[in-house]
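Accompanying notes for the structure given below.
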Amino acid sequence: MRRDLHALLAFLLAAWIGRSVTRPIDDMVEKLELVAKGHLHLRADVSGGEEVARMATALNSALGNIRSTMTVIRDASTSIRSASQGINNR
């Protein structure tokens with residue numbers, strides 16, 4: 001009887017620990033799948049263990065850099081379009 005209780009407690013503890021690691025990773029995978037479809041406004045939740053939190057922080061940093069680069073490209077494209085229209089109007 002006591003062994004069964006210990007086995008049950010060990011199983012529940014292992015399930016809880018496993019889920020606490022996989023949940024944040026699952027969240028990051030879902031975010032990356034959406035980023036692959038062009039949704040660059042997302043952020044990963046920085047939670048879980050140290051390694052998982054570092055991965056989420058790195059993902060958020062990478063997404064921020066991508067957004068900044070896209071803004072620079074969009075602004076440059078607008079400038080080129082304006083200059084091109086100015087040349088065509090001469």
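The structure displayed is predicted, hence computed values, not measured ones.
- Connection of L40 to M28 is established within a shared hydrophobic cluster, with ILVMFWY side chains joined at heavy-atom distances below 4.5 Å, either directly or through further cluster members.
- Note that CZ of R43 and NZ of K31 are 10.0 Å apart. Values are rounded to the nearest 0.5 Å.
- Closest approach of P24 and V52 over heavy atoms only: CB-CG1, 3.2 Å.
- The minimum heavy-atom distance between L42 and L63, with the atom names listed, is O-CD1, 3.3 Å.
- Residue L12 belongs to a hydrophobic cluster whose other members are L8, F11, with links defined by side-chain heavy atoms closer than 4.5 Å.
- M70 contributes atom CE, which lies 10.0 Å from atom OG of S77 (distance to the nearest 0.5 angstrom).
- T78 places a side-chain N or O within 3.5 Å of a backbone atom of R74 that can act as its donor or acceptor partner.
- In terms of modelled atom types and a separation under 3.5 Å, the side chain of T69 and the main chain of N65 share a donor-acceptor contact.
- Side-chain atoms of L34 and E30, non-hydrogen and from C-beta on, never get closer than 4.5 Å to each other.
- Under 4.0 Å is where a charged nitrogen must lie from a carboxylate oxygen, and between R23 and D27 no such pair does.
- Tracing side-chain contacts under 4.5 Å through hydrophobic residues (I, L, V, M, F, W, Y), one reaches L32 starting from I66; they form part of the same cluster.
- In this structure, the side chain of S79 engages the main chain of D75 through a donor-acceptor pair within 3.5 Å.
- L59 places none of its side-chain heavy atoms less than 4.5 Å from the side chain of M55.
- Counted within 6.0 Å of CZ on R67, heavy atoms from surrounding residues, nucleotides or ligands total more than 12; the atom is thus considered enclosed.
- Within the 4.5 Å cutoff, the side chain of V72 has no heavy atoms near those of the S68 side chain.
- Under the 3.5 Å distance criterion, the side-chain polar atoms of N60 are matched with a main-chain donor or acceptor of A44.
- Note that the CD1 atom of I87 and the OG atom of S82 stand 11.0 Å from one another [nearest 0.5 Å].
- Legend: residues meeting salt bridge (charged side-chain N to carboxylate O under 4.0 Å, His left out) with D26, ordered by chain and number and at least two apart, are R19.
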